[in-house]
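Computed from a predicted model, the values in this text were never measured in an experiment. Heavy atoms only: backbone and side chains are in, while hydrogens, waters and symmetry mates are out. In what follows, chains are A, B, ... by sequence order, proteins preceding strands, each numbered from 1.
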Amino acid sequence: MCNPNLGLIPFPARIIHITENTADTKTFRVVGEDEKKPFAHMPGQCAMLSLPGVGEAMFSISSASTNEEFYEFSIKRVGKLTSELHTLQVDSPITLRGAYGRPFPVNDVLIGQDLLFIAGGIGLAPLRSVIRYVFDNRDKYGAVDIVYGARSSADLVFLEEIQNEWTARPNTRVHLTIDREEEGWSGNVGFVPTYIKQLSFNPSKIALICGPPVMIKYSLATLIEMGFEKTQVYTTLEMRMKCGIGKCGRCNIGHKYACIDGPVFRCDEIDELPEEY
Amino acid sequence: MSVKIVAFCCNWCSYAGADLAGTSRLNYPAQVKIIRVPCSCRVDVQFILRAFVRGADGVIVCGCHLGDCHYSTGNYHAEGRLTQLFSLLDFMGFERERVHLEWISAAEGAKFAATMDAFVTQVSALGKNERYRNMYTKAGAQNE
Amino acid sequence: MRIGVFVCHCGSNIKATIDAEYIAAQVQQDAKVVHAAEYPYLCAEGGQQKIINAVREYQLTGVVICACSPRMHENTFRKTAAKAGLNPYQIEIANIREQCSWVHKNKDAATGKALKLAKAAIARVKLALPLFAGESAVTKRALVIGGGIAGIQTALDIAEAGFAVDLVESTPSIGGKMAQLDKTFPTLDCAACILTPKMVDAAAHEKITLHTYSEVEEVEGFVGNFTATIRKKARSVDMKKCTGCGACWEKCPSKRIPSEFDCGLANRTAIYTPFAQAVPNVPVIDRATCIKFKNGRCGLCADVCQPAAIDFTQEDAVFTQEYGVIIAATGYQVFSLDAYGEYAYHDSKNVITSLELERLMNAAGPTGGKLQRPSDGKAPKKITFIQCVGSRDITRGKPYCSKICCMYTAKHAIAIKEKYPEAEIEIFYIDVRTPGKGFDEFYRRAVEVYGVRYIKGQVGKIAEMNGILHMQAVDLLENKRFDTTADMVVLAAAIEPSPGAKPLAQMLATPMDTLRFFSEAHPKLRPVESATAGIFLSGVCHGPKDIPETVAQASAAACKAIGVLAKDKLITNPCVAKVNDKKCTGCGRCIDVCPYKAISLESNAAEANPALCQGCGGCASLCPSNAMDLNGFTHKQVLAEVDALCR
Amino acid sequence: MQSPVYTCSLDNVTQLINRIAEKMPVYGDFGSSKTTLSPKGFFLPALEKLYETAKINDSYKITPAPPENAPFVLLGIRACDAAAIEILDGVYLNDPIDPQYKARRHASYIVTFACETMGANCFCQSVNINPAAPKGDVKAWVKNGTFFWLAQSEKGERLTELLLDLLERTIPAGNDLLPVEPPDSAPALPLPADMLSAFNAPVWDNLHRACIACGTCTFLCPTCQCYDISSHECTENSEKTHCTRQWDACLYPGFTQMAHGNPRPSKKERFRQRFMHKLVYHMQKYGTSACVGCGRCVNKCPVNMNIVKVAHVLAQEEVNAYV
Amino acid sequence: MNEQEKMRTRAKELHAAGIIKQVLAWEAGAFPSYPAPAFFTKPNAFEKIVYNEFCTANLSKYVINITEKTLIFLRPCDAHSFAQLVKENQVKRENTYVIAVGCEGCVQVDEGEARDLLESCRTCTKTDYPLFDEEINTQNNPRESTNKAARFAEVTRLDSEENTARYAFWQAHFSQCIRCNACRNICPTCHCKECVMDSDHPLDGQFYHAIRALHQDGRCTDCGQCSRVCPRGIPVHLLNRKLIYTSNK
């Protein structure tokens, strides 16, 4: 579902709001020309943000697809483009194209299911769009559990939104954890996979995992120990993407392209792919 | 359209010579733009070729007289390297007169101005540098 | 990245041909430039304060100063940046005065170019990394090369400040040219009377070690850490035992060797001290002319030497020594008059140079102070002086004025008239230059009191016919040609740097001008420092000067040297080479190009020693994979500058 | 209705070409063998400008490069290249469609030419392509002295209408006038059945060592589709920037380099990806291997690496230094 | 060419004696005239070693940073490249066992047919082996006297031409270049970890060939591989030869 006629040509856009989540992560609110959203998107889909003269990169849209006024991108400063993005001010112009990738299956597989969101560090950004979509259509879905961990409390993105809005949501439980002891932190301390084992969810839920590859690996193993089937667990693959439309070959794993067949994959699908991610 | 000249001047001699040309209120064309480098041996082959690719019409490298280099052997290396570059550029069919190497001491303000004058006239005679930019006509490469 | 751009008017120097507001406005188009301003005098206190306030107010991370040459105020503005809390190396200077406003009259062209230079500086500062100066230790010892009055004075001053000094002199005794002089202007003091006490002080001073009859062979290292290799040529005399009694040179059979000290007007023996008051008063065997060394027979000097100080088997002693600073005081030599055949200097014995006249007039000289014609020993009645021989002569001689000739010729005239009132003295001159203190009064006395005839004119040709020197001359004031004769002609020959200066300069990697005088760091602001850090210039090696100036400059050089020795640590230049060892393949090509041998291979990746590296960048531009880069002049910065200038 | 087969004598074939050339540019000829560079460059140029951006009062104005839809004719395309163009169509013309490729492809007329003999390195038959029956808008062939011309698509017919006065009709194509007998058939290229076992085959460790990862094979290959997109400031004025697309190769180290790592860190993974994508991944996604057996990579590989040998080694048929 | 037999036997003997762990040589390709470089680790594979006039690849670059003791066969041009790599600390001499092999020149192969001698072999002036442990009939390298003039013939011919003619000559060639980097990746002295020319700014490619040649200034051993491998037949070796020619002057 991307703009078929424009191919690789981006839309002019503008940053209308910037929030500092952590020392190296910022959330940018972006809107197209004359304050409209140039393309619709589904939860879990991504868009190519670009700064002419610097470069282009794929970022997951962390705002809800039902949100009409703007897109939100939570970006961690890692490379050349992200550092340049972090120097931008409100009202600076950028260019944008999308939406790319296969979204989370919110309208079929997830309907009526109990959901378990597992996120690590910046991994919460892609899941946030699904979580807010679920909250906007709360009755369609079962119980919601959110397990979110990071290195330190300062690394937890959208902390106030989680504590004020998400915990107040009906039939929703939020479990926060940080890797190491920190004074002034009342929540759980420990890695996400060990925390999941302590919480031990019943395996009828559908699980969605996003975060650093090592966290995904161990969380998946813990879920399987708890009786989850691989077909019940969805995750994303972090691959280099240039075109976003399955042509340029960079995100090619096996016979799949992460940018059109993913980045959201069901874990059993991942097992069919060669070990190259 | 006046020609664009880039001059790499070594900080200890030719840049000081350029300053002396200034303090003596001499005159040379404004197309010459000077880049300060610690020594003429700092001028990398890439800098000169990059200047031509980005639209310069002439590049001149200035350094201390042989034996006067503040780093004692810097200008010898520069001379060795640039002679090879110039002979290769000539071999590839580029106009040899668009590049030049000159030794100018801190005391030779007049020589600096005269050298710049002569070089600008020499390059202006050749006009804009078409050859350096169109050598490699891979489809769409150069039609910026 | 938040950049501030400051455009200076420099009074009218820049404002006259460059539209500063236009530049300040234009540079703001760059999103990263958050502040741009202009100011009449940025280098003044007010200007610098304006910069500091702007850095604080706009939290600037990079500053571009469009003003005069970085060679002028780069350090000033770096200190200003440091005061404002900005790293001193995140400041870039666009030279829009010496290289723009002063050399381009057309205002549009100059302003356009100034804007380009500003944009290039902005491109550089965007990529400027914060750099931190390193430190290196200082060896608390100085090396003075050249034992003339300049070297002696510098050595004494440094020693007085409490630092050890090695004074190296190539001839067997210190004293230099001044020791050869008779009187000195403008006070007519006897040269030896004012020089020998200093020579004795230098020899006696516990902080000074004399190395006479020695030469510096190699110098490595950099300011604070020089290592010099010095060769003490074998004197064939044991300096500890020798008492200087002189028995040896009395007995030495080969006596017909022209004495260098007496400019060849007298002879010396094979074993000799250059002059009576020589310091150290220890003779030297000139192995080229000593019969013992030529064919092994003789050895008389060893026989008569009570303390048995003579040692024919003595070898050259080569030693290396660490030094913090080095002072060049290599002095001068008389310009060779071969190109001036018309003065018949080589043909007639009675045509002599002023230095030779000094020896003739000197009581310790070959004639015991009696003025005699070298040809027949008679007292000359009529003496003609010719000024500017070889000086101010672009075609065959030196382009410069040798500065001291007018004064020493006047001195000679007065000294001769004092002793031989009836002597007739004519002086041919182009201009008489007497700028020093009491100089012109001295010259007026020569004319009015002693009746010396000054003729503004030239001597065309000299020919000696049966003992009388016939000269074709011209008097420019009278505008007539006339012939005249004289018993003796004294040529005021030009002076040039001593032959040892050029090899020394190459050893020290110090720049010299085309006339082989050492180049000073800045003609007005840093006259006694060479361009190479830690190397200072004392005396005529930097340019012609008389004794008062030489002593003044010698003390100045000493003071600068003490400035370095007084520090325990020296701040090293942070703009040095650095290696990205992920890219380096360890091919070692950069090692051979480094003049300071600063690069070594550590676990097959190159490494540049920041203490040795002087930042020439030869390695960085040789490295094919750009693994080696130079702080302050990185590949990215220069390429960005090229892009900005060519756009 | 199958369009009729036309013929003309050999010597006025040049007349045909000139007639077409009056209408639109013509590239290639009915020469002796296939071209060194593949026709891929006509649809996916080595370097093309995608769009320009200019910063006007603090917002970006984007002007896409105009689509190149001027018609042109490719003459003498062999069966392998014709099949290759179809493979590229499969990639670039199905959703989401690449507009630049589509414009050029729709403006092109493909006139193919049947091969009489197999080139030295050709192995199109091993990937079941019949050299004597190439696809394309028009199929041409020469048989005992006469030049045959058969339109195979609507575009082909439009092209044929231009030349009606130069061509004579022959008996309708219905009676299977086999143009040219295909040369002797070669053994089929063995393709590994299951992806994961091919991926984890131990031979890769030694097989990749000879490769110098230069990218010649990928640039010459008619079906290699990978490209790179880059954006950079224009040299004339820094306010304008260009976004260009240029050929790229999975063999290059930076191809999948990310800020936090590279899933294919060494030459071995990249070498494996090159052949796995060509022979295995493409087969699973589109049903045919992406290799059309043109032999260009075999001919020009600096170290004589060879896709046929890799296929045989993978299928463990050929025992050699690696086993 | 009976070198092939001797090479196989020596390989077996040295391996059996435990002096070497693997052999780097050429191995028969799928098509007859396309032998490929290969590492032989198992003794039974040593039979596969091939040595004929089609073995055109220069093997010296494969031994960069090699850790196991490897037997390599080097012809004069390979040996000079190998010596340059040893000088540039790219390969530890003690990790290699070098056998110098005689060479009568290799043949250019195009579309399966053998064309004439490689350009670099026609103008080859190298018959010596800077460093080796053993020799196999190295006596038949005749070419010393015949090719000395031929080596710089093309360079001097181009030099004598008008500057514009040279520009036309090179522009015609370079416009065919598809930047596949084969000339860079095959060159033994071109072993940077990251190449500065890998920038994605298309304009930088303008001077790829000039910079590639200048980076080899003083290091190029004139083995001719760069021109041999160019798929578009561009004589890039002339650039390197010109640099050698001027630095010899």
ask   = Do you see a donor-acceptor pair shorter than 3.5 Å between the side chains of D:N200 and A:E275?
value =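 The criterion, which ignores hydrogens and geometry beyond distance, is not satisfied for A:E275 and D:N200.
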Which portion of [X] sits near chain A, non-hydrogen atoms under 4.5 angstrom:
X: D:N262; value: neither
X: D:T256; value: both
X: D:K55; value: side chain
X: D:D194; value: neither

Chain D contact via [X] - which portion, at a heavy-atom distance below 4.5 Å:
X: A:M239; value: both
X: A:I94; value: backbone
X: A:D271; value: backbone
X: A:E276; value: both
X: A:E272; value: backbone

Drop me the distance from [X]'s [atom1] to [Y]'s [atom2], to the nearest 0.5 angstrom.
X: A:I245; Y: D:Y92; atom1: CD1; atom2: OH; value: 8.5 Å
X: D:Q284; Y: A:H255; atom1: CD; atom2: NE2; value: 5.0 Å
X: D:C226; Y: A:N252; atom1: SG; atom2: CG; value: 7.5 Å
X: A:K242; Y: D:S230; atom1: NZ; atom2: OG; value: 6.5 Å

ask   = Taking the side chain from A:R250 and the backbone from D:F255, do they hold a donor-acceptor pair closer than 3.5 Å?
value =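 Yes, the answer is positive, given that a donor and an acceptor are paired below the 3.5 Å cut-off.
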Taking all atoms of both residues into account, what is the closest heavy-atom pair of [X] and [Y], and its distance?
X: D:I229; Y: A:C243; result: CD1-CA, 4.1 Å
X: D:M258; Y: A:R240; result: SD-N, 3.5 Å
X: D:I62; Y: A:P10; result: CD1-O, 3.4 Å
X: A:L8; Y: D:Y51; result: O-CE2, 3.7 Å
X: A:P274; Y: D:Y281; result: CG-OH, 3.4 Å
X: D:S231; Y: A:G53; result: OG-N, 2.6 Å

A side-chain contact here means heavy atoms from C-beta on lying under 4.5 Å apart; do [X] and [Y] qualify?
X: A:D261; Y: D:K285; result: yes
X: D:D228; Y: A:C248; result: no
X: D:P96; Y: A:Y100; result: no

Is the number of heavy atoms from other residues, nucleotides or ligands under 6.0 Å of [X] [atom1] greater than 12?
X: D:K268; atom1: NZ; result: yes
X: D:F72; atom1: CZ; result: yes
X: D:K267; atom1: NZ; result: yes

query = Taking every heavy-atom pair that is under 4.5 Å apart, which of D:M276, D:R264, D:E269 has the most such pairs with chain A?
reply =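 Of the candidates given, the most pairs with chain A belong to D:R264.
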key: Option that, when pairs with chain A are counted at under 4.5 Å, heavy atom only, ranks first among D:H282, D:M283, D:Q257   =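 Option with the greatest count: D:Q257.
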NZ/NE/NH1/NH2 to OD/OE distance under 4.0 Å, D:D98 and A:K247 =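 Looking at A:K247 together with D:D98, the answer is no, because their closest N to O distance does not fall below 4.0 Å.
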